[in-house]
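Everything below concerns the one structure shown next.
To find a chain, count down the sequence lines: A is the first, B the second, and so on, and within it residues start at 1. Note that this is a predicted model, so its numbers are computed, not measured.
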Number of protein chains: 2
Amino acid sequence: MPGSWKDVFHSFNKKATPSRYAIVKVFEEKAKHLSAEEVYECLKVRKQKIGIATVYRNLDLLLRMGILRKVNFGDGKEHYEMVHRPTQYHHHLICTNCGQVIDYGEVVQEEKSFLKRLKEELERKYHFRIESHHIYFYGLCHHCQKE
Amino acid sequence: MPGSWKDVFHSFNKKATPSRYAIVKVFEEKAKHLSAEEVYECLKVRKQKIGIATVYRNLDLLLRMGILRKVNFGDGKEHYEMVHRPTQYHHHLICTNCGQVIDYGEVVQEEKSFLKRLKEELERKYHFRIESHHIYFYGLCHHCQKE
DNA sequence: TTGAATGCAAATAATTTGCACGGAT
DNA sequence: ATCCGTGCAAATTATTTGCATTCAA
């Protein structure tokens with residue numbers, strides 16, 4: 001396992017195991033949101049010996065470590081994706097008909113400044129310390145509009 | 001049942017049943033997001049004879065009718081809430097420690113115009129027809145910050 | 001009257017847990 | 001050597017489905 005991930009796990013007083021490394025590698029390589037089952041299937045294809053329970057336990061660990069975040073598309077299962085640096089954040093566009101999900105980056109200039117202001121306003125008003133946010137847009141994808 | 005709801009169901013070619021009316025009444029009165037189980041428990045307290053399957057079936061119906069929307073707080077169950085007119089929309093602030101959810105309305109002036117622009121940009125770029133959006137903010141509530 | 005809606009129980013799907021064993025430190 | 005992490009199977013939780021019965025139109 002590359003030293004960097006090893007160090008990350010150790011910095012959280014967690015052991016750097018093959019299972020854990022295999023999971024983060026899947027997310028690094030696929031670079032998209034995956035359900036627990038999808039991670040599990042992907043690892044099976046790669047001949048990585050792992051149980052589904054270990055996948056769930058480590059997804060939860062990676063969540064608590066701040067390496068993954070949960071996203072939910074309303075399809076009955078949780079999905080997970082890597083947390084990117086603030087400059088690389090993205091949100092989701094979900095087709096309510098076919099379930100397709102599109103990741104989009106920053107498309108409008110003032111997005112960051114607007115969200116910063118909204119965040120600060122919410123923190124003051126509700127005495128929260130806000131750590132992240134997520135925007136979901138729902139509608140019909142190109143294909144489903146024609147039906 | 002008040003004529004208005006009766007008409008709404010009929011306009012969708014659906015029967016106006018006591019179960020359906022009881023469910024919308026719960027959402028009207030509680031005015032907040034509820035899980036299927038919470039709706040069911042609430043109706044039991046009110047002596048409304050109903051099965052949990054009927055609750056799920058009608059939540060789904062009300063979703064398709066555009067009366068309810070699904071919201072997800074990452075706690076393993078779906079929650080539902082009434083869709084309000086665009087001028088009354090609100091989003092959610094979720095405490096990642098205790099799970100508390102705060103509904104917030106429009107707190108920053110340019111919120112609507114910003115989101116309108118973002119929506120239009122996304123529609124053009126991805127050929128979507130966007131119908132709604134939802135913003136979630138995550139962090140620590142006042143109480144959990146002190147721990 | 002008649003098909004849509006319901007209640008109940010059983011089925012399914014997603015996720016979690018208990019426990020004995022194996023492996024990272 | 002020591003526990004943390006793991007696999008497996010069983011348990012739990014959320015949601016869906018099949019079917020006989022009920023009831024709104």
Residues 42-50 of chain A side chain polar contacts: donor-acceptor under 3.5 Å, at least two apart:
unit_1  : atom_1 : unit_2  : atom_2 : d
A:Arg46 : NH1    : A:Glu29 : OE1    : 3.1
A:Arg46 : NH2    : A:Glu29 : OE1    : 3.0

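A pairwise comparison of heavy atoms in A:Cys95 and A:Cys141 identifies SG-N, 3.4 Å as the closest pair. Between A:Asn97 and A:Cys144, the shortest heavy-atom contact is OD1-SG, 3.1 Å. Residues A:Trp5 and A:Glu28 share a closest heavy-atom pair of NE1-OE2, 3.0 Å.
Taking every heavy atom of residues 36-67 of chain B and every atom of DNA chain C, pairs under 4.0 Å involve B:Lys49, B:Ile50, B:Gly51, B:Ala53, B:Thr54, B:Arg57, B:Asn58, by number.
Residues B:His79 and B:His10 both approach DNA chain D. Their nearest nucleotides, taken by heavy-atom distance, put B:His79 toward the 5′ side.
With A:Glu131 contributing its side chain and B:Tyr138 its backbone, the two residues share no donor-acceptor pair below 3.5 Å. Using modelled atom types, no side-chain atom of A:Tyr80 and backbone atom of A:Asp60 make a donor-acceptor pair closer than 3.5 Å.
Within a 6.0 Å sphere centred on NE2 of A:His143, heavy atoms belonging to other residues, nucleotides or ligands number 12 at most.
When each of B:Phe12, B:Phe27, B:Phe9 is tested with B:Leu62 by the rule side-chain contact (heavy atoms from CB on, under 4.5 Å), just one qualifies, namely B:Phe9.
Rounded to an integer number of Å, the gap from A:Lys6 NZ to C:dG23 P is 16 Å. Summarising the geometry, the separation between OH on A:Tyr80 and C1' on C:dT15 is reported as 8 Å, rounded to the nearest angstrom. Rounded to whole Å, atom C1' of C:dA14 lies 17 Å from atom CZ of A:Phe73. Spacing between atom NZ of A:Lys70 and atom P of C:dA14 amounts to 15 Å, rounded to whole angstrom units. Distance CZ (B:Phe12) to C1' (D:dA25): 19 Å, rounded to an integer number of Å.
Comparing D:dA24, D:dA14, C:dT6 against the side chain of B:Ser19 picks out C:dT6 as the nearest.
The shortest distance between the side-chain N/O atoms of A:Thr17 and the OP1/OP2 oxygens of D:dT6 is below 4.0 Å.
The aromatic rings of A:His127 and B:His142 sit tilted, their planes meeting at an angle between 30° and 60°.
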Please list, pair by pair, any protein nitrogen or oxygen found under 3.5 Å from a nitrogen or oxygen in nucleotides 1-4 of chain D.
unit_1 : atom_1 : unit_2  : atom_2 : d
D:dC4  : O4'    : A:Lys15 : NZ     : 3.2

